[in-house]
Colleague: 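Take this structure, written in structure tokens, and hold onto it; I'll ask about it next.
We count residues from 1, following the sequence as given.
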Amino acid sequence: MASGQLSRAEALACSGCRHACHVMLYADTKAQLFGRIPIKHIILVRCVCVCVCVCVCVCVCHLSYSNTHTHLYMSASLSEQAYFCVSLPQMQMRFDGLLGFPGGLVNPSEETLESGLSRELSEELGLALPISVEDHVDSCYAPPSSPSSSSRLITHFYVKKMDEEQIREVERAAASTAADHGLEVLGMVRVPLYTMKGGGGLASFLSHSFIGNARSQLVHSMLRLNLVAPGELHKALTHSLKTHAHTKQDLQAALALTQGLRKQF
Ligand SMILES: O=c1[nH]cnc2c1ncn2[C@@H]1O[C@H](COP(=O)(O)OP(=O)(O)O)[C@@H](O)[C@H]1O
């Protein structure tokens, strides 16, 4: 067991600990890539800014595809059969501007971890999604939020595979009937799993700010479920670090702008 990780039983036995449960929802689907490229075992994700995004699970050869908007690098095995395995992991933009998985605090003395997580999902997604013990992946101590914080937080992570239509239903409900929409949850986003020339896609996504250990939960899940090949992920993370350096420069330029304006007004 990795450091900081606990078994479910150890976690529940911790007296005075607070518990938070979050879930990664994802789905596979059949799809025709650009209507003509026969590729097997790819993961295809739609994201906010690019129409069709590609990522890879099985690496045999390298293809490159380009149009006026995108340069996508794919490792893929070709097949006669036009069957595409599309994966759609979801995260949310939280009220605090950070990315995270749907879920929240659960009180195990009043409810099971799974029923508490389902309750949180009804508020955030507008749907009662049953979560079971089998969906549980791991439990670990969260880093203390401040040196003075007295109670320790244990985060429990779940992964639930759904079908594509269920994911669409979640997206529709999250934006229309969910009580938390526009308040605690600013919107659901699909994770772009592809790597673009220049570092777009997954690399850009991973360089955003995440709540708690949500980024490592995402990275571990991508590896464990073979949603992204380890080499692709390594490349994406290396790019994310470069993006960070660029973001720092950008922020410094923006800060200089506001400093100039502060002097004027
Ligand atoms: O996606 C996540 N992965 C891991 N930990 C998270 C995630 N989202 C939130 N947390 C942690 O769990 C705590 C409680 O989560 P959240 O803010 O969702 O609960 P709440 O909506 O019930 O207040 C947060 O303060 C944060 O430390």
Side-chain angles (χ1 to χ4, degrees), residues 20 22 24 44-55 64-73 88-105 123-125 142-149 153 155 171 174-176 178-222 228 232-265:
H22 296 89
M24 182 178 103
L44 204 154
V45 182
R46 281 174 66 87
C47 69
V48 186
C49 50
V50 181
C51 330
V52 181
C53 316
V54 180
C55 181
S64 75
Y65 173 86
S66 67
N67 63 18
T68 48
H69 303 295
T70 56
H71 295 273
L72 305 173
Y73 279 84
L88 311 166
Q90 290 201 317
M91 297 192 80
Q92 64 187 21
M93 178 59 75
R94 296 160 42 94
F95 64 93
D96 50 15
L98 300 173
L99 288 163
F101 292 102
L105 292 170
E123 292 164 17
E124 295 184 358
L125 305 177
S145 49
S146 74
S148 59
S149 68
L153 176 72
T155 56
E171 288 171 326
S176 54
D180 286 348
H181 180 68
L183 300 167
E184 286 184 36
V185 181
L186 303 181
M188 296 298 295
V189 290
R190 296 181 184 197
V191 180
L193 294 182
Y194 59 94
T195 304
M196 289 166 73
K197 192 177 177 184
L202 183 58
S204 297
F205 189 85
L206 290 173
S207 71
H208 290 309
S209 297
F210 291 72
I211 179 80
N213 61 345
R215 181 176 9 233
S216 62
Q217 288 172 333
L218 174 64
V219 167
H220 282 131
S221 302
M222 289 189 293
V228 179
E232 292 292 320
L233 196 49
H234 183 81
K235 251 194 283 178
L237 285 164
T238 308
H239 243 295
S240 296
L241 282 170
K242 285 191 197 144
T243 307
H244 253 289
H246 179 70
T247 304
K248 190 174 171 190
Q249 284 172 2
D250 249 16
L251 285 171
Q252 278 165 342
L255 189 66
L257 190 72
T258 57
Q259 271 163 349
L261 289 173
R262 261 197 334 170
K263 282 183 195 140
Q264 277 179 34
F265 297 103

Colleague: Quick check for you: to the nearest 0.5 Å, what is the distance between L105 atom CG and T155 atom OG1?
Modeller: 11.0 Å
Colleague: Evaluate the side chain to side chain contact (heavy atoms under 4.5 Å, CB included) criterion for residues M188 and L125: first the C-alpha distance (whole Å), next the side-chain angles of each, then the deciding distance (0.1 Å), finally the verdict.
Modeller: CA-CA 9 Å; M188 296 298 295; L125 305 177; 3.6 Å; yes
Colleague: Mind listing the closest non-hydrogen atom pair of E124 and P102 along with its distance?
Modeller: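 In terms of heavy atoms, the two residues are closest at OE1-CA, 3.3 Å.
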Colleague: Do T243 and L206 come within less than 4.5 Å of each other through their side chains, counting heavy atoms only?
Modeller: no
Colleague: Supply the atom-to-atom distance L153 CG to N213 CG, rounded to the nearest 0.5 angstrom.
Modeller: 9.0 Å
Colleague: Evaluate the side-chain proximity of V191 to M24: yes if any heavy-atom separation is below 4.5 Å, no if none is.
Modeller: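 Counting from C-beta outward, M24 and V191 never come under 4.5 Å.
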Colleague: Would you name the heavy atoms of S204 and S207 that are closest together and state the gap between them?
Modeller: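 What the structure gives for the nearest pair is O-OG, 2.8 Å.
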Colleague: Residues in side-chain hydrogen bond (donor to acceptor under 3.5 Å, both in side chains) with E171, at least two apart?
Modeller: Q90, R190
Colleague: Using the rule given for side chain to side chain contact (heavy atoms under 4.5 Å, CB included), can you reason through E232 versus L202, listing the C-alpha separation, both sets of side-chain angles and the distance that settles it, and then say yes or no?
Modeller: CA-CA 9 Å; E232 292 292 320; L202 183 58; over 6 Å; no
Colleague: If you look at every heavy atom in S240 and A203, which pair is closest and at what distance?
Modeller: OG-O, 2.7 Å
Colleague: Answer whether the closest heavy-atom distance between the side chains of F205 and F210 falls below 4.5 Å.
Modeller: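 In contact.
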Colleague: Return yes if some donor-acceptor pair links the side-chain N/O of R215 with the main-chain N/O of L99 below 3.5 Å, else return no.
Modeller: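 Between the backbone of L99 and the side chain of R215 there is no qualifying donor-acceptor contact (under 3.5 Å).
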Colleague: Can you give the donor-acceptor pairs under 3.5 Å from side chains of residues 179-186 to other protein atoms, not counting sequence neighbours?
Modeller:
unit_1	atom_1	unit_2	atom_2	d
H181	ND1	A174	O	3.3

Colleague: Between M91 and A214, which heavy-atom pair has the shortest distance, and what is it?
Modeller: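 Scanning both residues, the minimum pair turns out to be CE-CB, 4.2 Å.
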Colleague: Treating H239 as the side-chain partner and K235 as the backbone partner, does any N or O pair qualify as donor plus acceptor under 3.5 Å?
Modeller: no
